[in-house]
Amino acid sequence: VCSSDLSFIILFKKIILKVLLFQIEYYFISIRIKRRKMSLKDFAYEQNKVFVGMQFDTTTDEIYEVIKKACIDNGLEPNRVDELVGASSIINDIERLIEEAEFIILDLTYSNANVYYELGYAFGSENRESDILLLAKDGTDLKFDVRHRRVLFYKDAYDLQKKLNEKLPKFIEEGRK
């Protein structure tokens, strides 16, 4: 056996060993997932990070401030994509924030296509229903595929503040079970 053949055999053994270790690690993670009824998402999020999705304009600023304050008051870190700086792709930032977030809060009030995309992406990214809080102003005409979901309806910013003060701690507790 020449030295190049021996090098190849050693390299091949190292690769096989790495593959086996990965398979063993994946096996044990999948056992924990099945036992605790978890998803792989449970191993990837940043604790206390919240993605907030909503239409951006001056009419929604007050609502966002209420959401932001309620999150901070409950030890959470709200993140909205328009607060990021830099020249990165907005859609990549949205997807990354959703994937990293422990919780997701989406305001469906304006039937904004982007917010509905964010909701679909959140469900497709292994987020559990208990990690997603849907909001909408009273009278909002929810789209067909969302009408069956629980939505926290509010009258105005003051009403939303009262409801979040009451419901957000329970939402956090339920989401962390």
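All figures in this text were calculated on a predicted structure; none of them were measured in a lab.
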Engineer: Just how far is it from atom CZ of R96 to atom OG of S88, taken to the nearest 0.5 Å?
Structural biologist: 7.0 Å
Engineer: Measuring from T140:OG1 to L134:CG, what's the distance to the nearest 0.5 Å?
Structural biologist: 11.5 Å
Engineer: Please report the C-alpha distance between Y117 and E95 in whole Å, then the side-chain angles of each, then the deciding distance to 0.1 Å, and finally whether the side-chain hydrogen bond (donor to acceptor under 3.5 Å, both in side chains) criterion is met.
Structural biologist: CA-CA 10 Å; Y117 170 82; E95 292 171 353; 2.5 Å; yes
Engineer: Quick one, I105 and F51 - any side-chain contact, counting heavy atoms below 4.5 Å?
Structural biologist: no
Engineer: With E174, which residues qualify under side-chain hydrogen bond (donor to acceptor under 3.5 Å, both in side chains), at least two apart?
Structural biologist: K177
Engineer: So do Y154 and D138 actually touch side chain to side chain, heavy atoms under 4.5 Å?
Structural biologist: no
Engineer: Would you say L142 and F153 make side-chain contact, with heavy atoms under 4.5 Å?
Structural biologist: yes
Engineer: So, do I63 and T109 sit near enough that their side-chain heavy atoms are less than 4.5 Å apart?
Structural biologist: no
Engineer: Would Y121 end up clustered with F56 when hydrophobic side chains under 4.5 Å apart are linked, directly or stepwise?
Structural biologist: yes
Engineer: Do V52 and L106 have side chains that get closer than 4.5 Å, going by heavy atoms?
Structural biologist: no
Engineer: Following the transitive rule for hydrophobic clusters with a side-chain heavy-atom cut-off under 4.5 Å over Ile, Leu, Val, Met, Phe, Trp and Tyr, establish whether Y158 and M54 coincide in one cluster.
Structural biologist: no
Engineer: Quick one: CD1 on I67 to CD on E62, what's the gap to the nearest 0.5 Å?
Structural biologist: 11.5 Å
Engineer: Got more than 12 heavy atoms from elsewhere within 6.0 Å of NZ, K137?
Structural biologist: no
Engineer: When you look at R147 and D141, which way does the salt bridge (Lys or Arg N to Asp or Glu O under 4.0 Å) test go after all the steps?
Structural biologist: CA-CA 9 Å; R147 285 186 193 135; D141 183 26; 3.5 Å; yes
Engineer: Going by an N to O cut-off under 4.0 Å, is there a salt bridge joining E129 and R150?
Structural biologist: no
Engineer: Would you give the length of the straight line joining atom CG of L11 to atom NZ of K13, rounded to the nearest 0.5 angstrom?
Structural biologist: 12.0 Å
Engineer: So, do D107 and Q55 sit near enough that their side-chain heavy atoms are less than 4.5 Å apart?
Structural biologist: no
Engineer: Taking it one step at a time, do S125 and N127 satisfy side-chain hydrogen bond (donor to acceptor under 3.5 Å, both in side chains)?
Structural biologist: CA-CA 6 Å; S125 298; N127 291 283; 4.6 Å; no
Engineer: Identify the heavy atoms of E118 and I98 that sit nearest to each other, and give their distance.
Structural biologist: O-CD1, 3.7 Å
Engineer: Which distance, rounded to the nearest 0.5 Å, do you find between the CD of Q47 and the CD of E102?
Structural biologist: 5.0 Å
Engineer: Taking V66 as the starting point, is it possible to reach Y110 by hopping between hydrophobic residues whose side chains are less than 4.5 Å apart?
Structural biologist: no
Engineer: Assess whether side-chain contact (heavy atoms from CB on, under 4.5 Å) is satisfied between Y116 and L108, documenting all intermediate values.
Structural biologist: CA-CA 7 Å; Y116 274 86; L108 304 173; 4.2 Å; yes
Engineer: Can you give the donor-acceptor pairs under 3.5 Å from side chains of residues 70-86 to other protein atoms, not counting sequence neighbours?
Structural biologist:
from : atom 1 : to  : atom 2 : distance (Å)
D73  : OD2    : K69 : NZ     : 2.7
N74  : ND2    : A70 : O      : 2.8
N79  : ND2    : V50 : O      : 3.4
N79  : ND2    : E77 : O      : 2.9
R80  : NE     : D82 : OD1    : 2.7
R80  : NH2    : D82 : OD2    : 2.9
E83  : OE1    : Y64 : OH     : 3.1
E83  : OE2    : Y64 : OH     : 3.0

Engineer: Indicate the atoms forming the closest heavy-atom contact of N114 with N112, along with that distance.
Structural biologist: N-OD1, 2.7 Å
Engineer: Return the CD1 to CD1 distance between I94 and I91, rounded to the nearest 0.5 Å.
Structural biologist: 4.5 Å
Engineer: For I104 and A122, work out which heavy atoms get closest and say how close.
Structural biologist: CD1-CB, 3.6 Å
